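All values reported here derive from a predicted model rather than from experimental measurement. Numbers here are sequence positions counted from 1. One-based numbering, in listed order, for ligands and for the atoms of each.
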Amino acid sequence: MPWYKQLHWQIILALVLGLVYGIIAAMQGWVTFTSNWIAPFGDIFLNLLMLIAIPLILASLITGIASLADVKKLSRIGGKTIAIYLVTTTIALVIGLTIVNIMQPGSFVPPEMRQQLEQTYAGEVGERQDLAQDAAERGPLQPLVDIVPRNFFGAASDNGNMLQVVFVAFLMGIGLMLIPRKKAEPLIQFFDSLNELVIKLVGIIMLTAPIGVFALIADTITAIAGDQPGQVMELLGALGFYMLAVAIGLAIMVFLVYPAILQLFTPRSLKTFFPGIAPAQLVAFSTSSSGATLPVTMECAEKNLGVSEEVSSFVLPLGATINMDGTALYQAVAAVFIAQTLGMDLTISAQLSIVFIAVLASIGTAAVPSAGIVMLVIILESIAVPAAGIALILGVDRPLDMLRTMNNVTGDAMVACVVAESEGQLHQPSGDRLSEELMEGDLAEGNGSAATERKTPEAR
Ligand code: ASP
């Protein structure tokens, strides 16, 4: 297939065009025009992805778990998945802390700039502090309580509650596995059918990805630059080193750590992995939400990387909600950067406690834009750094959110490959099938696409 027909190239093109347009719009003062006439298309794309995220988690996890032979297999795959997630998050934190200690980005912020940032973002800091305060005040086991919803529809009505939906899906999947097959069958069929439907919808929504991505990027750039692009340059000057520290850490994760693990534990080549996961990375970059990207991540993992449906439908929804290596790395760098800028020396034990708290914080971070910064407040408070310090970094949070979300999604896909291989369920991918299906009209006709190839639960 020619390159320009491949989805990831189309999205990259849209991204570059959005960037160029955004810069021109900011310089020409087209902020209102952009937010009135361009941004809505980005919102529609984001809403469409969000719309199918919860049904997808529910349907794929329930059918995925119910189709496993027994609880033993579930605990084996589940244990492995969570263990690898914890290991990669810890590696990310260690890398983040090492980089921020070597680069010392906090020493590059001029004192006047620090005061200015603190004043500018004082209001926004308050909002986030309130949110974090609620979270922090509720006792050590509250995060566990929060995973268990008291009302299913309440949980499913808020995309920030994905972990609760994952929990309900788990419970239902296990229940279905344990009741007699004859009784379980109608519900399994129902969710399997819902799964097919959602997968089809992902394909249709992805047809609009280039437009959505263009609009999201154009809007982000103009919103950041506002009517005074000069200020952005000033901000970048002061915080450039901090941003660079985060970006280097994320690049090490994505281009060194994940490939190394992939090469060690799977036969999947990097030449297959990176182009295969590119559409999901690009959507993650544009939407800043691993939750919204989940449908695309699952499509890419199954079709382009050869991960079996059984593994992807279990590992990826779980990963999107609890595995956030990029977020953890960013939180570590940001916490130490803020302490450095405020002239506070963090002891080794304070830095080690960042590792522990950030692992938990990244699990608790919702898979939506900017969620990481709320959890950062909790980390700061636990190491006695004033939480108001997030004022220093709020202005540049969005681009870093885009990058860390991309890292989060890549990490999930990599772990899906490793778990699939360990279960003998990593198959030969058949090329960039997502693009082919989209471009060759399979979606419209419904032939030869994922839908017809998916096995029914009995056949698995
Ligand atoms: N936006 C990130 C995600 O959805 C979470 C964060 O803010 O770090 O993965």
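- Between Pro317 and Val166, the closest heavy-atom pair is O-CG2, 4.1 Å.
- Close contacts between ligand 1 and Ala367 involve ligand atoms 4 (O) [criterion: under 4.0 Å to a heavy atom].
- Closest heavy-atom contact between Ile383 and Ala335: CD1-CB, 4.3 Å.
- When only interatomic distances are considered, the shortest N/O to N/O separation between Met324 and ligand 1 does not fall below 3.5 Å.
- Closest to atom 2 (C) of ligand 1, if we only count protein heavy atoms, is Thr405 OG1, 3.3 Å.
- For a threshold of 3.5 Å applied to N or O pairs, the pair formed by Ala371 and ligand 1 contains at least one separation below that value.
- Looking at Val409 against ligand 1, nothing comes within 4.0 Å, counting heavy atoms.
- With no hydrogens or angles considered, a side-chain donor-acceptor pair links Asn408 and Thr327 at under 3.5 Å.
- Taking a cut-off of under 4.0 Å to the non-hydrogen atoms of Thr327, the atoms of ligand 1 that pass are 5 (C), 6 (C), 8 (O).
- In this structure, Glu299 contributes its side chain and Gly203 its backbone to no donor-acceptor pair below 3.5 Å.
- For the pair Arg404 and Tyr330, the cation-pi criterion (under 6.0 Å, within 45° of the ring axis) is fulfilled.
- With Glu302 as reference, Ser312 is the one residue of Ser308, Ser312, Ser313 to meet the side chain to side chain donor-acceptor pair (under 3.5 Å) rule.
- Protein heavy atom nearest atom 3 (C) of ligand 1, with residue, atom name and distance: Ser290 OG, 3.1 Å.
- Using a 4.5 Å heavy-atom cutoff, the side chains of Glu423 and Arg76 are in contact.
- Nearest protein heavy-atom neighbour of atom 7 (O) of ligand 1: Gly372 N, 2.7 Å.
- Near Ser370, with a cut-off below 4.0 Å to any heavy atom, the atoms of ligand 1 are 7 (O).
- Close contacts between ligand 1 and Ser289 involve ligand atoms 4 (O) [criterion: under 4.0 Å to a heavy atom].
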